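Since the model is a prediction, treat every value here as computed from it, not as a measurement.
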Amino acid sequence: MQGILYEEPTVLQFALVTVVMGGWTAWRTGKSAAEGWSKYSTLIIYVLLLGVAIRFIHHALFNGSMLTLQYYIVDTVVLLLFATAGYRYYRTRQMTNNYYWLYEKASPFSWRSK
């Protein structure tokens with residue numbers, strides 16, 4: 001997988017920067033977008049910018065390439081998964097808490113009408 005999904009010599013560097021640091025930041029970005037009642041398209045723009053920041057961290061800490069489209073796409077897709085999960089989780093909480101007479105939780109990431 002090295003060379004295809006990540007360029008670092010070990011998967012631990014990819015996991016540390018993209019999954020742990022980037023994933024946590026993306027989750028918080030999703031939470032922030034949901035709590036601000038932003039649209040999902042706004043979240044996508046935030047994640048695209050966050051992908052650039054994560055590529056910079058790879059470049060600055062581990063001498064990775066900064067402007068590689070392949071690794072930017074991989075990082076951004078991973079970040080989008082975390083951001084979407086955070087967005088859906090907090091939007092579900094919002095909808096079921098603020099409109100408790102209309103909606104109930106169907107799962108941690110969705111709601112349904114009562």
Side-chain angles (χ1 to χ4, degrees):
M1 299 305 272
Q2 195 268 341
I4 298 172
L5 295 180
Y6 60 92
E7 64 182 329
E8 292 80 14
T10 65
V11 71
L12 294 176
Q13 290 175 352
F14 173 77
L16 172 69
V17 175
T18 301
V19 178
V20 175
M21 291 172 51
W24 179 80
T25 306
W27 176 273
R28 299 296 295 179
T29 302
K31 175 187 185 294
S32 177
E35 288 180 346
W37 293 96
S38 298
K39 295 180 182 179
Y40 186 73
S41 58
T42 305
L43 178 66
I44 292 174
I45 293 169
Y46 292 157
V47 171
L48 292 173
L49 294 172
L50 184 59
V52 172
I54 292 299
R55 282 310 316 151
F56 176 74
I57 292 172
H58 281 289
H59 172 70
L61 294 180
F62 302 113
N63 203 22
S65 59
M66 175 70 184
L67 302 174
T68 306
L69 183 62
Q70 173 186 356
Y71 300 128
Y72 170 75
I73 290 172
V74 170
D75 288 345
T76 304
V77 166
V78 171
L79 297 174
L80 189 60
L81 292 173
F82 280 100
T84 300
Y87 182 83
R88 292 295 300 174
Y89 179 80
Y90 284 100
R91 181 54 55 96
T92 298
R93 249 174 85 181
Q94 243 179 346
M95 294 300 284
T96 57
N97 287 342
N98 291 349
Y99 304 107
Y100 56 88
W101 66 92
L102 292 174
Y103 304 113
E104 62 186 4
K105 279 188 179 181
S107 75
F109 301 106
S110 65
W111 64 90
R112 65 175 169 241
S113 297
K114 283 189 173 183

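For the atom pair Y71 OH and M66 CE, the distance stands at 15.5 Å (nearest 0.5 Å). Going from atom CG of L49 over to atom CD1 of I44 covers 12.5 Å, rounded to the nearest 0.5 Å. Distance check, rounded to the nearest 0.5 Å: CZ of R28 to CD of E35 gives 7.5 Å. The structure places CH2 of W111 at 8.5 Å from CD of Q94, a figure rounded to the nearest 0.5 Å. To the nearest 0.5 Å, atom CH2 of residue W27 and atom CG of residue L79 are 14.0 Å apart. The CZ atom of F82 sits 10.5 Å away from the OG1 atom of T25 when rounded to the nearest 0.5 Å.
Within the structure, every pair that satisfies the side-chain hydrogen bond (donor to acceptor under 3.5 Å, both in side chains) test and touches residues 46-64, not counting sequence neighbours, is listed here: E7-R55, E8-H58, T18-H58, R55-D75. Evaluation of the salt bridge (charged side-chain N to carboxylate O under 4.0 Å, His left out) test over residues 95-114, restricted to residues two or more places apart or in two chains, returns E104-R112.
Remark: R93 pairs with no residue by the salt bridge (Lys or Arg N to Asp or Glu O under 4.0 Å) rule, at least two apart or across chains.
The minimum heavy-atom distance linking L48 with Y72 is given by the pair O-OH, 2.9 Å. The shortest heavy-atom contact between V47 and L80 is CG1-N, 3.8 Å. Contact detail for A85 and F109: the closest heavy-atom pair is O-CE2, 3.4 Å. A pairwise comparison of heavy atoms in R91 and W37 identifies NH2-CA, 3.3 Å as the closest pair.
In this model, a donor atom of one side chain and an acceptor atom of the other lie less than 3.5 Å apart for Y40 and T84.
Note on Y100 and M95: same hydrophobic cluster, where clusters join Ile, Leu, Val, Met, Phe, Trp and Tyr whose side-chain heavy atoms are under 4.5 Å apart, directly or indirectly. Each of V19 and W24 belongs to its own hydrophobic cluster when Ile, Leu, Val, Met, Phe, Trp and Tyr are linked at side-chain heavy-atom distances under 4.5 angstrom. Under the 4.5 Å side-chain heavy-atom criterion for grouping Ile, Leu, Val, Met, Phe, Trp and Tyr, L81 is not connected to F14 through any hydrophobic cluster. Using a 4.5 Å cut-off between side-chain heavy atoms of Ile, Leu, Val, Met, Phe, Trp and Tyr, with links allowed through other members, L50 and F56 fall into the same hydrophobic cluster. Following chains of ILVMFWY side-chain contacts shorter than 4.5 Å, one can reach F62 starting from L67, so the two form part of one hydrophobic cluster.
No more than 12 heavy atoms of other residues, nucleotides or ligands sit less than 6.0 Å from atom OH of Y89.
Judged by distance alone, with hydrogens and angles left aside, the side-chain atoms of T92 form a donor-acceptor pair with the main-chain N or O of S110 at under 3.5 Å.
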